[in-house]
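What follows is one structure encoded as structure tokens, with my remarks underneath.
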Amino acid sequence: MLLKWLVSIVIVVALLGGLQPLLARYLPLGRLPGDVTVQRRGRTIHLPFATTILLSLLAWLILRLI
């Protein structure tokens, strides 16, 4: 049972990773109000606070409905 969930999660993560460039055109994830980008000394640090909260709520809703 655990192996089935692990394989499912790996497949979903791989699919989302492959589709990420396509999804980035239509979904503003990482660029929502509340996401912070800091540029210092030639380095850029992204802190996606709002995106993390939104995706966590979405995952909670999906798991709640299953």
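All residue numbers in this chain count up from 1 along the given sequence.
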Checklist entry - Looking only at heavy atoms, which two atoms of Arg31 and Thr51 are closest? And how far apart? => result N-OG1, 4.5 Å

Checklist outcome for this item: Heavy-atom closest pair (Ala50 atom, Pro33 atom, distance to 0.1 Å) is CB-O, 3.2 Å

Going by atom type alone, with no hydrogens or angles, which donor-acceptor pairs under 3.5 Å involve a side-chain atom of residues 54-66 and a protein atom two or more places apart or on another chain?
unit_1	atom_1	unit_2	atom_2	d
Ser56	OG	Thr52	O	2.8

Checklist outcome for this item: Hits for side chain to side chain donor-acceptor pair (under 3.5 Å) against Thr37, two or more places apart or cross-chain, chain-then-number order -> His46

Without placing hydrogens or testing angles, list every side-chain donor-acceptor pair under 3.5 Å for residues 2-27, not counting sequence neighbours.
unit_1	atom_1	unit_2	atom_2	d
Ser8	OG	Lys4	O	2.8

